[in-house]
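Below, chain A is the first sequence line, B the second, and so on; all start at residue 1. In what follows, every heavy atom counts, from backbone to side chain, and hydrogens, waters and symmetry copies are set aside. None of the values given here were measured: they were computed from a predicted structure.
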2 protein chains.
Amino acid sequence: MTFSKEHSAGFVANHMARLFAHGLARRIAPLGLAPAQFMVLLELWQEDGLTQHDLVTRLDVEQATMSNTLRRMERDGLIVRRAHDHDRRARRICLTDKARALQAAAIRAAQDQNETALASLSDAERAHLMALMHKVVGAMRRNWGD
Amino acid sequence: MTFSKEHSAGFVANHMARLFAHGLARRIAPLGLAPAQFMVLLELWQEDGLTQHDLVTRLDVEQATMSNTLRRMERDGLIVRRAHDHDRRARRICLTDKARALQAAAIRAAQDQNETALASLSDAERAHLMALMHKVVGAMRRNWGD
DNA sequence: GCATTATGCATAGCATGCTATCTGATTCGC
DNA sequence: GCGAATCAGATAGCATGCTATGCATAATGC
């Protein structure tokens, strides 16, 4: 029955992610954004007019989660949904001017948060941390049904 | 405007934590437990009769979050609340037999999840990852008001 | 000793994540 | 070409996290 939360990767990962989310939330709240909305905007700033399914695939969240996030973003005037050319089931998610105007400030806020979090790490340590986290993510995504 | 989510520590940390939580949730669901409840049990298995405030401090979540988690745990018969000896505001959170009986299986499930996640990492890499994550957690906790 | 302040906890309201299930549109198999 | 399977999306219901508030009890300060 030896289980120390401090030595549990899952526990520490959860703690770290909560602190990241909290820091980002605080920084982008003045822009009227929440963390999940920022992630959606990151994709749309790169390529506008994606479908909900595209966003689900790129951000690796469940479709229902994305549906709810998009509903809040539409409510807040960050996106509009337009008809899809070839598929009447799907809709293209399009940025509003308001959302486009937030890009620079929001990205600055996120970079700020990352910088604060990683301040005590050398460049080599940062690279190593990223590589290890990607490896762990890869292992868990591969072992989906296990 | 160069911001790649794959190179953002916060994004990858969030993704990793979601995968950890999902894997743990799947493994402990048969025991009737959810991840946050498991974390509370970890503390109570170590020291029964803690107050809500003790748990808030040890698990670093907000008091309101803990209050809600404990309400669900009481509903599910995992804990009971007893009067505190010296402070009539506080209540001691005590394990039920049901909760005590889950310890071995739940800890096994969590170790299983950690093992799956870290399978592709050497012992040295695991140690390094833990050290780096602790460092990042420490930096963000110190920079509370920043 | 009594008013002020601090502490322990509960509740309301919200965002984000999940599973399960439903509808409507498209595609496949025959 | 038509029924079955699949796919895009919405919705319901729940757990976990947060902030902001309110209430009751303790502790402090004068």
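Between the side chain of B:Q37 and the base of D:dA15, no donor-acceptor pair under 3.5 Å is found. Within 3.5 Å, a donor on the side chain of A:R89 pairs with an acceptor on the base of D:dC7, or the reverse.
Between C:dC18, D:dG17, D:dT11, one nucleotide has an atom nearer to the side chain of B:A36 than all others, and that is D:dG17. Side-chain proximity of B:S67 to D:dG9, C:dC18, C:dT11: nearest is C:dT11. Side-chain proximity of B:H22 to D:dG9, D:dT11, C:dT19: nearest is C:dT19. Set against D:dA10, D:dT16, C:dC9, the side chain of B:T51 has C:dC9 as its closest nucleotide. Candidate nucleotides D:dA8, C:dT16, D:dT11 were compared by shortest atom distance to the side chain of A:P35, and C:dT16 ranks first. For A:D87, the listed nucleotide lying nearest its side chain is C:dA25; candidates were D:dG9, C:dA25, C:dA15. Counting only heavy atoms from C-beta on, A:T65 has its side chain closest to C:dC18 among D:dT16, C:dC18, D:dA10. Here the nucleotide nearest the side chain of A:E62, chosen from D:dT16, C:dA15, C:dC18, is C:dC18.
Here D:dC23 presents its P atom at 19 Å from CZ of B:R88, a figure rounded to the nearest Å. When the P atom of D:dT16 is taken as reference, atom CE of B:M66 falls 10 Å away, rounded to whole Å. Spacing between atom NE2 of A:H53 and atom C1' of D:dA10 amounts to 16 Å, rounded to whole angstrom units. The interatomic distance linking A:L70 (CG) with D:dG9 (P) rounds to 9 Å, in whole Å. In this structure, B:R26 places its CZ atom 12 Å from P of C:dA20, rounding to the nearest Å. Between the CG atom of B:N68 and the P atom of C:dT16 there is a distance of 18 Å, given to the nearest Å. B:R27 places its CZ atom 17 Å from the P atom of C:dC18, with the value rounded to the nearest Å. The separation between B:L59 atom CG and D:dT16 atom C1' is 13 Å, rounded to whole Å.
Remark: B:R141 engages B:D60 in a salt bridge, criterion side-chain N to carboxylate O under 4.0 Å. Of the charged side-chain nitrogens involved, at least one lies within less than 4.0 Å of a carboxylate oxygen, so that A:E47 and A:R58 count as a salt-bridged pair.
When heavy atoms are screened at a 4.0 angstrom cut-off, A:A64 is found touching base atoms of the nucleic acid.
Regarding contacts with the backbone of C:dT16, a side-chain N or O of A:R72 is found under 4.0 angstrom from either OP1 or OP2. Within the structure, a side-chain polar atom (N or O) of A:Q52 is placed less than 4.0 Å from OP1 or OP2 of D:dA10. Between A:R75 and the phosphate of C:dA15, there is a side-chain N or O to OP1/OP2 separation shorter than 4.0 Å. For B:R81, no side-chain nitrogen or oxygen approaches OP1 or OP2 of C:dG8 to under 4.0 Å.
Of the two residues contacting DNA chain C, namely A:Q63 and A:H86, the nearest-nucleotide position lying further toward the 5' end is that of A:Q63. Place B:F38 and A:I93 on DNA chain D by their nearest nucleotides, and A:I93 ends up nearer the 5' end. Checking A:R91 against A:N14, the closest nucleotide of DNA chain D that is more toward the 5' end is the one next to A:R91.
Of the residues A:R82, A:R81, A:K98, the one that meets the salt bridge (charged side-chain N to carboxylate O under 4.0 Å, His left out) test with A:E74 is A:R81.
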Contacts under 3.5 angstrom, residues 100-110 of chain B side chains, donor-acceptor by atom type, not counting sequence neighbours:
| unit_1 | atom_1 | unit_2 | atom_2 | d |
| --- | --- | --- | --- | --- |
| B:R100 | NH1 | B:D48 | OD2 | 3.4 |
| B:R100 | NH2 | B:L95 | O | 3.4 |
| B:R100 | NH2 | B:D97 | OD1 | 3.0 |

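Considering only heavy atoms from C-beta on, A:R71 stays 4.5 Å or farther from A:R75 through its side chain.
Atom NE2 of B:H7 sits in a sparse spot, with 12 or fewer heavy atoms from other residues, nucleotides or ligands closer than 6.0 Å.
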